[in-house]
Amino acid sequence: MGTLRWLSIAATASTALGLTPDGLISAPRRSEAVPNPSGDVAVFSSSQYSFKTHKSSSSWNLLDIKTGGIKLLTNDSNVSEIIWLGSDNSTVLYINGTNSEIPGGVELWVSDISDFANGYKAASLPASFSGLKAVTTENGEVRYLAYAESYANGTAYNEKLAATPLSTARIYDSIYVRHWDYWLTTRFNAVFSGTLKKAKGNGKATYKADGGLKNLVSPVKNAESPYPPFGGSSDYDLSPDGQWVAFKSKAHDLPRSNYTTAYVFVVPHDGSKTAVPINGPDSPGTPAGIKGDVGNPVFSPDSKKIAYWQMEDETYEADRRTVYVYTLGSNETIPSLAKDWDRSPDVLKWADQKNLVIGVEDAGRSRLFTLPADAGDDYKPKNFTDGGVVSAYYFLPDSTLLATRTAIWTSWNVFTASPDKGEIKTLATANEIDPELKGLGPEDVSEFFYEGNWTQIQAFVTYPEGFDKSKTYPLLYYIHGGPQSSWLDSWSSRWNPKVFADQGYVVVAPNPTGSSGFGDELQDAIQNNWGGSPYEDLVKGWEYINENIDYIDTDHGVAAGASYGGFMINWIQGSDLGRKFKALVTHDGTFVADAKISTEELWFMQHDFNGTFWNNRENYRRWDPSAPERILKFSTPHLIIHNDKDYRLPVSEGLSLFNVLQERGVPSRFLNFPDENHWVIHQENSLVWHQQVLGWLNRYSGVEKSNKGAVSLDDTVIPVVNYDP
Ligand SMILES: *[C@@H]1O[C@H](CO)[C@@H](O)[C@H](O)[C@H]1NC(C)=O
Ligand SMILES: *[C@@H]1O[C@H](CO)[C@@H](O)[C@H](O)[C@H]1NC(C)=O
Ligand SMILES: *[C@@H]1O[C@H](CO)[C@@H](O)[C@H](O)[C@H]1NC(C)=O
Ligand SMILES: *[C@@H]1O[C@H](CO)[C@@H](O)[C@H](O)[C@H]1NC(C)=O
Ligand SMILES: *[C@@H]1O[C@H](CO)[C@@H](O)[C@H](O)[C@H]1NC(C)=O
Ligand SMILES: *[C@@H]1O[C@H](CO)[C@@H](O)[C@H](O)[C@H]1NC(C)=O
Ligand SMILES: *[C@@H]1O[C@H](CO)[C@@H](O)[C@H](O)[C@H]1NC(C)=O
Ligand SMILES: *[C@@H]1O[C@H](CO)[C@@H](O)[C@H](O)[C@H]1NC(C)=O
Ligand SMILES: *[C@@H]1O[C@H](CO)[C@@H](O)[C@H](O)[C@H]1NC(C)=O
Ligand SMILES: *[C@@H]1O[C@H](CO)[C@@H](O)[C@H](O)[C@H]1NC(C)=O
């Protein structure tokens, strides 16, 4: 890019702001659409934050699967989860978030989907249960599962009724004292089972609780399910006949912080026997050498088989997932399906007794594939959906599926598809419903491939509102975290590329060495190589853009990244590439190589740096952004964000970097949220985050001046602390 570029940018790159930070944050957020048994309608929830009232509201809605029409059912916030009951088309079981007798408890209610005012209470649950799953058995009773925190003795923990200790001290005799954003306690998540019986009153049959709840997890010492913070109801399943429950727990017999190992346990729904692992070290069917994490256990339609995925390696959290099928009561080796396929299945569902439909990350999308339950090693699954990231899918009676996905250009897109016909019809899409998303569409996004350090690298491109390829827009270089993860064609309320682009940038989001979804070789090559190939891939990507894409102005380019992406920004600050950018942003990144031992998940560091902190310290120090010779090069204006509840990478990392930048006289600012973790979630905090991050980039790229209406640092009303003389 020539130096004359600056002249054209001020004159041309003004965009009408499309998706704004407050539009992103206050647009409706919708759940997956769950069809009723006859496949006529699907239910989904929607919640929305208002910057006028500073409150959230929520509602439940019905989508007509033929017409795509949407109808509001209720906005009673006490209706917190809804599931369809039995084969009836309109009866639902739902969690009512209050309890008339037990403070801090909830209730199960039954009603017609269109008439919540005339429902009735079927059960009282003594704590804040969630994750409801239920089946109706042949004799007409309802067997259900839900989870809550549990004491070691199996009693559900009720925060409202628990006594507050006089001291706030915490005492530990084992490592893993905290995780993500919480400190470990003697309590843990547990799946509980319960039954509702049909009772005939005067005329109408009603369901009533039959006995209390059974804790299915606590009898196994050190087991926990779902696994926090991201585990949920996909960590367990109930067999269609109501007899059996399968749940995932991290290995109860291994130290938690240095292994990823987990098992699938099976237990009778009535809790009459203690849960046993089907793939533990002593389980008769356990395949040799398979010791990693497991997930998504699901029963087959005949209740006789369980499919689940498992990784091989016991310390690598991003190892390839392979699908296994276990037959209940058998002692035979569990076969792995399509073992040679270089992809990592994530979501599993049985289509029928013989076939699965799986959701799999594939080259920046998450597509649906079919997989026979007896597929051989060399079987190549075929995808039948294409764009976006499918987050949920359900089978309809006519053998099509109802699926919910997101994409960079839509926060919610419900469509039908089938393995034979591919994608059939879009029923509803948020960019056509929500005023905040007006004008967004697939044309806002493209991708390119380039020759990186040692292989081809893919990059997503997101264009600003009113994009005109004869004009130029500053580059916003987007660096993802993980590092074993990737930029996807998906919607997010954090790091949404369209919000950044609509300030007046072209956002380029590369998937360099370490990225997932492109096969094991690309992903695994980052081990012991954090600042090596990935950095070179980013340099090559910048050069490619500079030489080949005329509408991108690299002279006024900026770069931003979080977590590993923050590490990479810190690495870039001390490298030649750092001099190509007008400003940098690090969100919750690592800085001091020797500080990595302060993290919680030790398996992660011990895998990525290939050894322990004491035996292999040179691996930890090889790519140290805080090395003296690198600090001496620091000179690009740099915004640092680091939050107090980030236990993955403690706040001292951001403070260390800020101290160095300030002492070296590099323009820099420190932004901290005391109540946020590795992510900034709360809507008011998210607004300030966007104002500061976009404001910082806009000031140094020149966009603040060239683009009227662009976000400015001065938009934030919080006073800036500055004691400089
Ligand atoms: C939703 O809430 C509004 C007031 O907040 C009320 O007027 C309306 O009737 C409610 N609708 C339903 C279907 O509950
Ligand atoms: C939820 O239930 C509680 C307790 O019955 C009640 O006080 C509250 O008004 C209910 N909320 C709504 C939105 O109906
Ligand atoms: C559910 O709906 C389908 C089709 O609309 C209908 O054939 C079936 O009889 C309904 N079942 C019940 C229990 O209402
Ligand atoms: C929720 O439960 C409370 C307490 O039993 C009850 O007053 C309220 O009507 C219920 N609301 C719904 C929507 O079920
Ligand atoms: C289980 O332990 C908790 C915490 O110590 C206690 O409050 C509760 O009463 C116990 N439950 C039973 C049934 O002993
Ligand atoms: C894993 O943890 C155990 C116990 O905490 C310890 O003995 C072992 O050395 C650890 N292994 C590694 C590789 O750190
Ligand atoms: C499986 O092995 C157990 C002993 O580990 C034995 O008791 C049981 O009969 C075996 N089941 C079958 C179906 O072989
Ligand atoms: C399957 O994925 C490919 C990209 O690998 C895509 O081009 C194709 O359209 C997808 N197939 C269907 C039926 O969506
Ligand atoms: C690839 O990156 C390494 C650093 O990890 C560097 O030594 C090597 O020269 C690069 N190769 C190419 C072809 O860019
Ligand atoms: C990790 O360490 C093992 C054993 O020391 C070695 O064989 C392997 O090559 C190392 N891997 C990397 C990526 O450095």
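For ligands, and for the atoms within them, numbers begin at 1 and follow the listed sequence. The first residue in the sequence is number 1, and the count goes up from there.
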Below 4.0 angstrom from a heavy atom of Asp76, which ligand 2 atoms are there? Numbered from 1 as shown, please.
-> 12 (C), 13 (C), 14 (O)

Numbering the atoms of ligand 8 from 1, which are under 4.0 Å from a heavy atom of Phe384?
-> 12 (C), 13 (C), 14 (O)

Mind checking whether Thr406 and Ser411 have side chains closer than 4.5 Å, heavy atoms only?
-> no

If you measure from the Lys or Arg side-chain nitrogens to the Asp or Glu carboxylate oxygens, is any gap between Lys133 and Glu81 under 4.0 Å?
-> no

All heavy atoms of Pro381 vs all of Leu371, minimum pair found to be CG-CD1, 4.1 Å

I'd like the atom pairs linking ligand 9 to the protein - N or O on both sides, separation under 3.5 Å - with distances to 0.1 Å.
residue: ligand 9; atom: 2 (O); partner: Asn453; partner atom: OD1; Å: 3.1
residue: ligand 9; atom: 2 (O); partner: Asn453; partner atom: ND2; Å: 2.3
residue: ligand 9; atom: 5 (O); partner: Ser533; partner atom: N; Å: 3.4
residue: ligand 9; atom: 11 (N); partner: Asn453; partner atom: ND2; Å: 2.9
residue: ligand 9; atom: 14 (O); partner: Asn453; partner atom: ND2; Å: 3.1
residue: ligand 9; atom: 14 (O); partner: Lys540; partner atom: NZ; Å: 2.8

Within 4.0 Å of some non-hydrogen atom of Asn78, the atoms of ligand 2 are 1 (C), 2 (O), 3 (C), 8 (C), 10 (C), 11 (N), 12 (C), 14 (O)

Report yes if Glu423 has an N/O atom closer than 3.5 Å to an N/O atom of ligand 8; otherwise report no.
-> no

Looking only at distance, does Ser77 have an N or O less than 3.5 Å from an N or O of ligand 2?
-> no

Strictly under 6.0 Å, is that where the ring centroids of Trp341 and Phe369 end up?
-> yes

Please state whether the rings of Tyr49 and Phe51 are parallel, tilted or perpendicular, taking 30° and 60° as the class boundaries.
-> perpendicular

May I ask you to check whether Trp530 and Phe609 place their ring centres under 6.0 Å from each other?
-> yes

Looking at Gln527, Lys596, Gln484, which one forms a side-chain hydrogen bond (donor to acceptor under 3.5 Å, both in side chains) with Asp608?
-> Gln484

Residue set satisfying ring-ring contact (aromatic ring centres under 6.0 Å, His included) with Phe44, at least two apart, ordered chain then number -> Trp412

